[in-house]
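One structure is given below, encoded as structure tokens.
Only heavy atoms go into these numbers, but all of them, side chains included; no hydrogens, no water, no symmetry mates.
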Amino acid sequence: MNFIALLLTSACFFSCITAKYHHNQDNGKELKYLLDPLVFAEVSARRGHAAILPCVMRFKPPHYRVKWTKLEPSSRGVENIVLITNGHADKQYGSVGPRAALQRAHDLDVSLRLSDLELEDDGSYRCELINGIEDESVIITLRIEGVVFPYQSQKGRYRFTFFDANEACAEQDATLATYKQLYRAWTEGLDWCNAGWLIDGTVSYPVLHPRPACGGDLLSGIRSYGPRHKTRDNYDAFCFTSTTKGSVFFIEGQLNFAEAERACRRDGAGLAKTGQIYSSWRFQQLDRCDGGWLEDGSVRFPIVNPREHCGGIAEPGVRSFGFPSKSMRLYGAYCYR
């Protein structure tokens, strides 16, 4: 097996990759030292797993450095260095660095291996060979497989500033979604009329079936309000989550919120977060036609196989009863352990 085949096989093993490749060249110049890529410009992996971002040299220049940086999303608009090597020693940087290492499957392999992936690792990375005036680079996108869900304040529609939305998603085991994540969710069927914050400070909403009550009878697509003021403007949020280490299970009963909390604790668990029930619905095929309390005081239930008398909607999804009074004894509990 030649070294390129070895690299590709290893990348598929660690990252569960299904993608096609393109590459980026600075200023349009031809690559001399870095291998002209053929596959894997987008690497897909799940939270908690490992991913390998491929970067291979054709041959080594006499003196060089290789620098890996995370390009986006970046709230400060600057590059975030992950790792630098001179071929003999490596140095990691920033929040990603402790989980980063060079794969070194062979002498010309400077591919980046990221372990224990987090939601924030999603984005574009640059592998840059620094060799004086002959610097060159390729760009690879790491896509964390996950699910986007709309999220609203307990106080009602359009109550989040950008910072409130960011905090609300974090509390639900999620992050604010990127535009690319929202776009992918729209292609997979997300149709939602309420506008929500994205991680770049813009506000959008996805429309699959145009209708008068949802922005008018325009074409389907992502409707965008563009950048909004992060402290004065208020909207909902689009959150993004991925796989979890635990799982969600249901406890039957007609419980109020406090009783639901106690029922979960008796089973060595806690009430599930909204992101956790979405993750279990998407990745563990959790399907239940019973409303149950969640940690934030909302009541929801996940449907993988839509059926009569189970929400009245033909598409799969996580249905919501909103935020009923916590004293109501009508629902079971969704617990996470």
Side-chain angles (χ1 to χ4, degrees), residues 146-160 164-165 167-177 181-182 185-186 188-197 204-209 211 213-214 234-241 244 248-257 260-261 264 270-336:
V147 56
V148 171
F149 60 93
Y151 193 72
Q152 191 174 89
S153 168
Q154 297 183 30
K155 298 177 181 178
R157 180 173 179 260
Y158 292 176
R159 297 297 183 95
F160 292 141
D164 292 337
E167 182 178 354
C169 289
E171 289 174 350
Q172 299 310 311
D173 191 42
T175 62
L176 275 176
Q181 289 165 345
L182 182 65
W186 169 73
E188 295 173 348
L190 182 60
D191 182 278
W192 198 256
C193 281
N194 291 348
W197 290 103
S204 297
Y205 62 100
V207 177
L208 196 62
H209 305 293
R211 49 208 183 271
C214 197
N234 292 268
Y235 296 95
D236 292 342
F238 285 105
C239 304
F240 173 81
T241 194
T244 62
V248 172
F249 62 94
F250 183 74
I251 294 179
E252 295 185 4
Q254 293 183 325
L255 311 172
N256 62 31
F257 180 78
E261 284 186 313
C264 289
L271 281 173
K273 300 175 184 290
T274 303
Q276 291 165 345
I277 197 171
Y278 269 94
S279 175
S280 292
W281 165 73
R282 169 61 64 89
F283 295 107
Q284 299 177 7
Q285 299 296 291
L286 181 64
D287 184 287
R288 183 104 196 179
C289 197
D290 300 286
W293 292 103
L294 299 183
E295 185 191 59
D296 63 351
S298 66
V299 172
R300 305 175 195 264
F301 61 98
I303 298 298
V304 174
N305 302 302
R307 50 209 181 268
E308 191 175 359
H309 308 305
C310 199
I313 301 176
E315 292 80 20
V318 176
R319 317 285 192 242
S320 175
F321 289 129
F323 295 88
S325 170
K326 291 184 176 181
S327 63
M328 293 181 66
R329 284 192 172 93
L330 292 177
Y331 310 107
Y334 284 102
C335 308
Y336 177 79

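- Applying the side chain to side chain contact (heavy atoms under 4.5 Å, CB included) rule to T274 yields the partners F149, Y151, Q172, Y278, L294, D296, S298, R300; only residues at least two apart in sequence or on another chain are considered.
- Note that CZ of F323 is 12.0 Å distant from NZ of K155, once rounded to the nearest 0.5 Å.
- To the nearest 0.5 Å, the span separating CG on N234 from OH on Y158 amounts to 11.0 Å.
- Y336 places a side-chain heavy atom less than 4.5 Å from the side chain of T244.
- Judged as a disulfide bond (SG atoms under 2.5 Å apart), the pairs with a partner in residues 271-309 (not counting sequence neighbours) are, in order, C289-C310.
- Residues passing the ring pair (Phe, Tyr, Trp, His ring centres under 6.0 Å) test with F283, sequence neighbours excluded: none.
- Here Y235 pairs with R228 under the side chain to side chain donor-acceptor pair (under 3.5 Å) rule; sequence neighbours left out.
- Dense packing is recorded around CH2 of W186, with more than 12 heavy atoms of other residues, nucleotides or ligands lying under 6.0 Å away.
- For the salt bridge (Lys or Arg N to Asp or Glu O under 4.0 Å) condition, the pairs that include at least one residue of residues 313-330, sequence neighbours left out, are E259-R329.
- Within the structure, salt bridge (Lys or Arg N to Asp or Glu O under 4.0 Å) contacts touching residues 273-282 (residues at least two apart or in different chains) are E188-R282, K273-E295.
- For D287, the side chain to side chain donor-acceptor pair (under 3.5 Å) partners at least two apart in sequence or on another chain are R307.
- Rounding to the nearest 0.5 Å gives a distance of 14.0 Å between CD of Q276 and OH of Y334.
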Next item on the list: List the steps, then state whether side chain to side chain contact (heavy atoms under 4.5 Å, CB included) holds for Y205 with N194.
Entry: CA-CA 6 Å; Y205 62 100; N194 291 348; over 6 Å; no
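- Residues forming a side chain to side chain contact (heavy atoms under 4.5 Å, CB included) with S325 (at least two apart in sequence, or on another chain): S327, M328.
- Under the rule for a side chain to side chain contact (heavy atoms under 4.5 Å, CB included), the partners of F321 that lie at least two apart in sequence or sit in another chain are V299, F301, Y331.
- With values rounded to the nearest 0.5 angstrom, N256 atom CG is found 9.5 Å from E261 atom CD.
- With sequence neighbours excluded, the residues that form a salt bridge (Lys or Arg N to Asp or Glu O under 4.0 Å) with R211 are D191.
- The minimum heavy-atom distance linking W197 with A165 is given by the pair CD1-CB, 3.7 Å.
- Nearest heavy atoms, G297 versus P324: O-CD, 4.0 Å.
- Atom-to-atom distance recorded for L208:CG and W192:CH2 is 14.0 Å, nearest 0.5 angstrom.
- L271 approaches F257 most closely through the heavy-atom pair CD1-CE1, 3.6 Å.
- Partners of E252 by side chain to side chain contact (heavy atoms under 4.5 Å, CB included), not counting sequence neighbours, listed by chain and number: F250, R288.
- Nearest heavy atoms, R159 versus D236: N-OD1, 4.4 Å.
- The nearest pair of heavy atoms linking P306 to A314 is CG-O, 3.1 Å.
- When all heavy atoms of L182 and P206 are compared, the closest pair comes out as CD1-CG, 4.0 Å.
- Looking at residues two or more places apart in sequence or on another chain, you find no ring pair (Phe, Tyr, Trp, His ring centres under 6.0 Å) involving F249.
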Next item on the list: Please lay out, stage by stage, how S204 and F238 fare under the test side chain to side chain contact (heavy atoms under 4.5 Å, CB included).
Entry: CA-CA 9 Å; S204 297; F238 285 105; 5.5 Å; no
Check: Could you go step by step and tell me if T241 and V147 meet the side chain to side chain contact (heavy atoms under 4.5 Å, CB included) rule?
Finding: CA-CA 6 Å; T241 194; V147 56; 3.7 Å; yes
